[in-house]
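What follows is a single structure, written as structure tokens, with notes after it.
Computed over heavy atoms, backbone and side chain alike; hydrogens, waters and symmetry mates excluded. As the structure is a prediction and not an experimental result, all values here were calculated from the model.
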Amino acid sequence: MLGIVSRAEGIQKAVEAGFDLVEIAPNADPPVCKILDFGKYKYEEQKRLNEARKKQKTIEIKELKMRPSIDIHDYEVKMRSAKRFLDEGDKVKVTIRFRGRELAHQELGSKVLERIRKDLDEFAKVEQTPQIEGRMMTMVMAPR
């Protein structure tokens, strides 16, 4: 802690110490500077950023595709997968695909999505309510 000194004096003291004068907070009044090895400072800063990036969890969206006339066993298998995805912290997009005359009975797809919502209620919350896009009805669920 040298206190408030002129820029020339700060540079001179840094040269005498064999280090660099680095501006830490340029917007402060007066600007804050430190005498340190700039190369080592940049290296440690990069290392700290990489460490923070490693600890980040990227949230992915996993998609489950179903039909309105899905069988009980197939439904249970899909629900196990959905629970696993939600436990891993990923979002789940459930897609009901209509073919042919199924398109005229969209209430069947709504019933399937409602059943999924009830079954996964303790694991997830609905992030995007069921929407119809062409021949598909989709709903997105995020982990609680």
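- Remark: D20 pairs with no residue by the salt bridge (Lys or Arg N to Asp or Glu O under 4.0 Å) rule, at least two apart or across chains.
- Rounded to the nearest 0.5 Å, atoms OG (S69) and CZ (R99) are 9.5 Å apart.
- Clustering of Ile, Leu, Val, Met, Phe, Trp and Tyr by side-chain heavy atoms under 4.5 Å joins I59 with none of the others.
- The cluster map of Ile, Leu, Val, Met, Phe, Trp and Tyr, joined by side-chain heavy atoms under 4.5 Å apart, puts I70 and L108 in different clusters.
- At a threshold of 4.5 Å between non-hydrogen side-chain atoms, the residues Q128 and T138 count as touching.
- Qualifying salt bridge (Lys or Arg N to Asp or Glu O under 4.0 Å) partners for K62, counting only residues two or more places apart in sequence or in other chains: E60.
- The shortest side-chain heavy-atom distance between V92 and M139 does not fall under the 4.5 Å cut-off.
- One distance of note links CG of L64 with OG1 of T95; it measures 8.0 Å at 0.5 Å rounding.
- A chain of hydrophobic side-chain contacts below 4.5 Å, direct or via other Ile, Leu, Val, Met, Phe, Trp or Tyr residues, connects V112 to F123.
- Shortest non-hydrogen contact noted between A14 and L21 is CB-N, 3.8 Å.
- The environment of I72 atom CD1 is sparse: at most 12 non-hydrogen atoms of other residues, nucleotides or ligands sit within 6.0 angstrom.
- Following chains of ILVMFWY side-chain contacts shorter than 4.5 Å, one cannot reach F38 starting from F19, and the two form parts of different hydrophobic clusters.
- Applying the under-4.5 Å side-chain rule to Ile, Leu, Val, Met, Phe, Trp and Tyr, the cluster around I4 consists of that residue alone.
- A salt bridge does not link R48 to E51: none of the charged side-chain nitrogens sits closer than 4.0 Å to a carboxylate oxygen.
- Every pair passing side-chain hydrogen bond (donor to acceptor under 3.5 Å, both in side chains) that includes a residue from residues 80-92 is listed here, sequence neighbours excluded: K57-D90, K91-E127.
- Within the 3.5 Å criterion, the main-chain N or O of K65 finds a donor-acceptor partner in the side chain of K78.
- Applying the salt bridge (Lys or Arg N to Asp or Glu O under 4.0 Å) test to E76 and every residue at least two apart in sequence or in another chain returns nothing.
- Judged as a salt bridge (Lys or Arg N to Asp or Glu O under 4.0 Å), not a single pair has a partner in residues 29-42 (not counting sequence neighbours).
- Across all their heavy atoms, M137 and G109 have their closest contact at SD-C, 3.9 Å.
- One hydrophobic cluster, built from ILVMFWY side chains closer than 4.5 Å, cannot hold both I96 and V140; they sit in different ones.
- Here the closest heavy-atom approach between residue V5 and residue E9 is recorded as CG1-OE2, 3.8 Å.
- Following chains of ILVMFWY side-chain contacts shorter than 4.5 Å, one can reach I132 starting from L113, so the two form part of one hydrophobic cluster.
- Between R115 atom CZ and M79 atom CE the span is 8.0 Å, to the nearest 0.5 Å.
- Nearest heavy atom pair, residue G134 against residue L103, reads O-CD1, 4.2 Å.
- Remark: of the listed residues K111, R117, K118, R117 is the sole one forming a side-chain hydrogen bond (donor to acceptor under 3.5 Å, both in side chains) with E114.
- Residues passing the side chain to side chain donor-acceptor pair (under 3.5 Å) test with Q12 are E16, sequence neighbours excluded.
- Every residue two or more places apart in sequence or in another chain that forms a side chain to side chain donor-acceptor pair (under 3.5 Å) with D121 is listed here: R144.
- With sequence neighbours left out, E102 forms a side chain to side chain donor-acceptor pair (under 3.5 Å) with R67.
- Evaluation of the side chain to side chain donor-acceptor pair (under 3.5 Å) rule for Y75 yields D119 as partners, not counting sequence neighbours.
- Taking 4.5 Å as the limit, every side-chain heavy atom of V32 sits out of range of all side-chain heavy atoms of E23.
- Rounded to the nearest 0.5 angstrom, I11 CD1 and K13 NZ are separated by 13.5 Å.
- For residues 131-142, no pair satisfies salt bridge (Lys or Arg N to Asp or Glu O under 4.0 Å), with sequence neighbours left out.
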